[in-house]
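Here is the structure we will look at, set down as structure tokens.
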Protein chains: 2
Amino acid sequence: MSGTNRRRITSKELAKLAGVSSATISRAFSPDSRIGSATRDRILAVAREYGYQPNAIARSLNNQRSRLVALVVNAIGNPCEAEEQQLLVHRLQARQLLPILLCCADHSDRLQLMRLASTYQVDHVVIFSDMVSMQDAVDIFHTTRPIIVSFEPLENEDVSNVRIDGSVGAGEIIDKIVGDGKRRFAYLAGTKSSWIDKLRRKWFADALARHGLAFEAEAFGDYSYDSGFKEAVLLLHRSKVDAIICGNDVMAIGARDAARRVLGKNTPEDIAIVGQDGIAMAGWDCNDLTTLSLDHAAFMDAVVEVIERHEAGDEGPHSITLTCTPRWGSTA
Amino acid sequence: MSGTNRRRITSKELAKLAGVSSATISRAFSPDSRIGSATRDRILAVAREYGYQPNAIARSLNNQRSRLVALVVNAIGNPCEAEEQQLLVHRLQARQLLPILLCCADHSDRLQLMRLASTYQVDHVVIFSDMVSMQDAVDIFHTTRPIIVSFEPLENEDVSNVRIDGSVGAGEIIDKIVGDGKRRFAYLAGTKSSWIDKLRRKWFADALARHGLAFEAEAFGDYSYDSGFKEAVLLLHRSKVDAIICGNDVMAIGARDAARRVLGKNTPEDIAIVGQDGIAMAGWDCNDLTTLSLDHAAFMDAVVEVIERHEAGDEGPHSITLTCTPRWGSTA
DNA sequence: TTCGTTTGTGTAATCGTTTGCACAACAATA
DNA sequence: TATTGTTGTGCAAACGATTACACAAACGAA
């Protein structure tokens with residue numbers, strides 16, 4: 001009930017109250033273990049009365065399984081990651097797995113943070129952040145069943161991963177824009193160091209190459225609206241591009257606003273602007289962005305699929321590849 | 001190094017390797033404990049060599065302190081919560097506290113979820129969600145140092161909390177809009193059942209009352225853009241309001257788009273639209289929303305302040321109140 | 001009746017730390 | 001030299017569960 005007692009009751013104490021041994025208490029809470037159903041019912045009743053719940057920390061120590069999952073992300077504030085995390089957290093919760101969030105943005109010491117999480121004996125690790133090297137992650141979590149990485153830089157490691165391939169979708173988008181008469185492309189990257197971003201850029205660069213074109217200008221932001229706005233202004237002042245491919249949707253919205261407000265250019269007539277991610281906001285009436293979109297639900301299904309295989313004892317490595325598709329808006 | 005050994009080395013094993021007892025290993029990792037500095041250095045060196053880190057699960061069991069913090073939120077996808085969570089997670093990480101995320105949206109069984117988290121002996125709980133009753137939270141986490149609730153329905157409980165008061169700011173916004181000649185107000189609520197939303201509505205209703213006005217129409221959404229859009233359309237079709245106060249910024253953006261696109265009404269001339277939260281997106285050039293804004297950083301500072309007092313052993317209850325201020329845009 | 005099997009329960013070891021207590025070595029003091 | 005203090009270390013008992021093993025009771029079959 002609304003007990004205000006500070007201390008939690010232990011299985012040994014409950015055992016005394018129910019007139020059994022603590023082993024029997026434990027069995028009452030394990031779905032398939034040899035125990036009389038009368039005993040179980042009685043124990044569960046007494047447990048409810050005294051608010052007893054088995055201590056997960058103690059259980060984890062004994063089991064060698066914590067049912068904790070470390071989620072290594074860049075920034076929750078980024079809508080794309082937020083949408084994905086939301087979906088993943090729900091899927092984990094449905095499986096009685098609890099997510100521990102590690103946020104790598106800003107100047108936190110990422111390695112130390114991962115080391116800290118690893119001391120909690122997490123059962124799984126999902127790396128979304130491209131700010132940590134895969135090798136560091138593998139080293140630090142060497143004891144955890146091999147980690148899952150969300151993107152894949154090369155086919156180098158024997159690490160389970162979920163890979164995103166947008167090359168085909170990027171091709172379709174470039175075809176359309178070139179078909180509309182645009183020839184002078186710029187790439188507005190998420191970050192300078194991100195390998196994810198380098199891969200994504202390559203999808204579009206390859207598609208351009210098939211038309212005998214290449215990026216005329218480059219700029220680097222930080223995945224934020226403000227950086228998209230600011231870099232687009234600079235870009236459009238120093239070169240005469242008529243199409244900008246952006247590292248994500250939020251930057252694309254920033255770039256669109258910059259083009260419209262500062263340069264007086266409209267999409268798609270004066271300039272084509274393309275985002276990446278396919279976040280919900282891109283589809284809002286006020287944005288209506290053309291974007292290379294990923295099915296986030298399918299993405300997270302894939303992540304969970306790998307986790308479940310690991311749970312089942314099949315350590316893989318497993319690899320699942322997903323593709324991105326264009327979502328057409330009025331900006332390109 | 002890049003060891004691929006599955007099992008983690010224990011303090012007892014390391015003790016053998018270093019020629020000491022496991023107690024000494026433990027002391028080497030405790031900042032202020034009686035241990036010779038030569039011994040400590042040697043142990044730390046050997047530990048690094050074999051990749052030893054103390055097992056936090058075992059430590060938690062012994063210490064009765066897990067350094068885990070449960071964050072009970074509605075939805076990470078909601079930008080306002082995402083921004084706040086981001087700030088909070090950083091502050092926690094800086095204190096070597098790890099956040100466990102409980103996401104209450106959708107149809108997950110919130111109570112069971114909280115019970116699950118409570119078995120992990122979390123040191124603190126922060127309730128952001130208004131989908132769980134405070135009483136449930138207090139009951140389930142009765143063993144944890146009293147929980148922190150982000151808003152406060154009434155002065156009813158002896159629970160530490162951080163309270164948001166927007167009454168003054170809401171008054172300023174209403175004054176401005178009434179001064180601009182608007183008289184017919186609607187409230188587009190976040191949800192029907194949320195007590196947070198009821199409080200927020202009251203701030204504006206009280207301000208209207210001072211002008212001898214009241215809300216002429218009401219509608220209920222779910223804090224999403226789509227619900228803001230849809231409900232605004234219905235609202236504007238069935239009543240002749242010239243000002244809409246929305247439950248959050250995202251719905252306000254949806255309402256603004258609906259007014260513009262479906263009804264052909266512009267802000268602020270034809271209709272005033274006001275948001276709440278003060279998320280970054282509200283300030284984007286394409287939105288430029290007038291909103292009752294909260295300083296999220298100060299908010300999270302306050303949450304951490306309470307956590308730190310609890311950590312220091314002062315269980316309070318503590319209460320901190322923050323106020324909201326208008327952020328003027330072009331929609332009102 | 002007697003033996004083998006099934007069922008339900010208790011005993012005790014284990015998971016990997018931390019920490020109170022005891023004690024040896026050594027330094028400082030009288 | 002004998003007497004205190006101070007340091008550094010080990011021993012062993014927690015912390016709160018789970019589970020292999022042992023065993024008694026109940027049951028069916030011969």
Side-chain angles (χ1 to χ4, degrees), chain A residues 6-44 46-47 50-68 116 118-123 143-144, chain B residues 5-44 46-47 50-68 115-116 118-123 143-144:
Chain A
R6 273 288 153 275
R7 228 173 55 73
R8 200 175 282 270
I9 189 175
T10 72
S11 73
K12 203 163 292 182
E13 295 169 314
L14 190 72
K16 194 138 293 176
L17 290 167
V20 295
S21 77
S22 71
T24 304
I25 300 292
S26 171
R27 287 191 266 257
F29 282 88
S30 302
D32 28 40
S33 55
R34 298 204 320 203
I35 184 177
S37 57
T39 320
R40 163 172 283 150
D41 292 347
R42 184 161 50 86
I43 290 178
L44 291 183
V46 183
Y50 289 91
Y52 170 81
Q53 294 259 124
N55 181 327
I57 296 289
R59 168 187 292 161
S60 301
L61 180 58
N62 184 286
N63 280 350
Q64 310 277 58
R65 312 213 45 241
S66 64
R67 301 202 71 74
L68 295 173
L116 176 60
S118 85
T119 66
Y120 281 81
Q121 320 295 110
V122 292
D123 286 348
T143 178
T144 307
Chain B
N5 21 359
R6 273 285 154 276
R7 228 174 56 72
R8 200 175 281 271
I9 189 175
T10 73
S11 71
K12 204 163 292 184
E13 295 169 314
L14 191 72
K16 193 139 294 176
L17 290 167
V20 295
S21 77
S22 70
T24 304
I25 300 291
S26 171
R27 286 191 265 257
F29 282 89
S30 302
D32 28 41
S33 55
R34 295 203 326 202
I35 186 179
S37 57
T39 319
R40 162 170 283 149
D41 292 347
R42 183 161 47 87
I43 289 179
L44 292 182
V46 183
Y50 290 91
Y52 170 82
Q53 295 258 123
N55 180 326
I57 296 289
R59 169 188 290 163
S60 301
L61 180 59
N62 184 286
N63 280 350
Q64 311 277 58
R65 310 212 48 240
S66 64
R67 301 202 71 74
L68 294 174
R115 272 191 280 265
L116 176 61
S118 86
T119 66
Y120 281 81
Q121 320 297 109
V122 292
D123 286 348
T143 178
T144 307

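Any value given below was found using the heavy atoms of this structure, including those in side chains, with hydrogens, waters and symmetry copies removed. Letters A, B, ... are given to chains in the order of the sequence lines, protein chains preceding strands, and every chain is numbered from 1.
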*Indicate, with a heavy-atom threshold strictly under 4.0 Å, whether T10(A) touches base, sugar-phosphate, or nothing.*
sugar-phosphate

*To the nearest Å, give me how far apart NZ (K12(B)) and C1' (dT17(C)) are.*
9 Å

*Can you tell me how far P of dT18(C) sits from CG of L14(B), to the nearest Å?*
12 Å

*Using whole Å, report how far NZ of K16(B) lies from P of dC11(D).*
10 Å

*Checking all strands, does Y52(B) fall into the base, sugar-phosphate, or nothing category for heavy-atom contacts under 4.0 angstrom?*
sugar-phosphate

*When the distance from CD of E13(A) to P of dG16(D) is rounded to whole Å, what number comes out?*
8 Å

*Looking across every strand, which nucleic acid part, if any, lies under 4.0 Å from S26(A) by heavy atom: base, sugar-phosphate, or nothing?*
base

*For I9(B) and dT17(C), give me the distance from atom CD1 to atom P, rounded to whole Å.*
9 Å

*OP1, OP2 of dG10(C) versus side-chain N and O of S22(A): anything below 4.0 Å?*
no

_Of the listed nucleotides dT19(C), dA17(D), dT17(C), the one nearest the side chain of N63(B)_ = dT19(C)

_Presence of S33(B) side-chain N/O under 4.0 Å of dT18(C) phosphate oxygens OP1/OP2_ = no

*Kindly say whether, by distance alone, the side chain of R40(A) makes a donor-acceptor pair under 3.5 Å with the base of dG8(C)?*
no

*N62(A), nearest nucleotide to its side chain (from dT14(C), dT19(C), dG8(D))*: dT14(C)

*Below 4.5 Å, heavy atoms only, C-beta onward: do R59(A) and T119(B) meet side chain to side chain?*
no

*asked:* Judged by each residue's nearest nucleotide on DNA chain D, which is more toward the 5′ side, T24(B) or R59(A)?
replied: T24(B)

*Which of the following nucleotides, dT19(D), dT19(C), dT9(D), is nearest to the side chain of A23(B)?*
dT19(C)

_For atom CD1 of I57(A) and atom C1' of dT17(C), their distance in whole Å_ = 13 Å

*Are any non-hydrogen side-chain atoms of T10(A) and N55(A) less than 4.5 angstrom apart?*
no

*Verify the ring-centre separation between Y52(B) and F29(B): is it less than 6.0 angstrom?*
yes

*Q64(A) side chain N/O closer than 4.0 Å to the phosphate oxygens (OP1, OP2) of dT18(D)?*
no

*Compare the minimum distances between each of dT11(C), dT18(D), dC15(D) and the side chain of S21(A), then state the nucleotide with the smallest one.*
dT11(C)

*asked:* With heavy-atom distances below 4.5 Å as the criterion, would you say the side chains of L116(A) and R67(B) are in contact?
replied: no

*Rounded to whole angstroms, how far apart are CD on Q53(B) and P on dG16(C)?*
16 Å

_Minimum heavy-atom separation for S66(B) and Q121(B), please, with both atom names._
OG-O, 2.8 Å

_Between dT18(D) (P) and R65(A) (CZ): distance, integer Å_ = 14 Å

_By the 4.0 Å heavy-atom rule, please label T39(B) as base, sugar-phosphate, or nothing._
sugar-phosphate

*Hey, does the side chain of S33(A) reach the backbone of R27(A) with a donor-acceptor pair shorter than 3.5 angstrom?*
yes

*asked:* Under 4.0 Å, counting only non-hydrogen atoms across every strand here, what does R34(A) touch: a base, just sugar-phosphate, or nothing?
replied: base

_Nearest to the side chain of R27(B), heavy atoms from C-beta on, is which of dT18(D), dT19(C), dT17(C)?_
dT19(C)

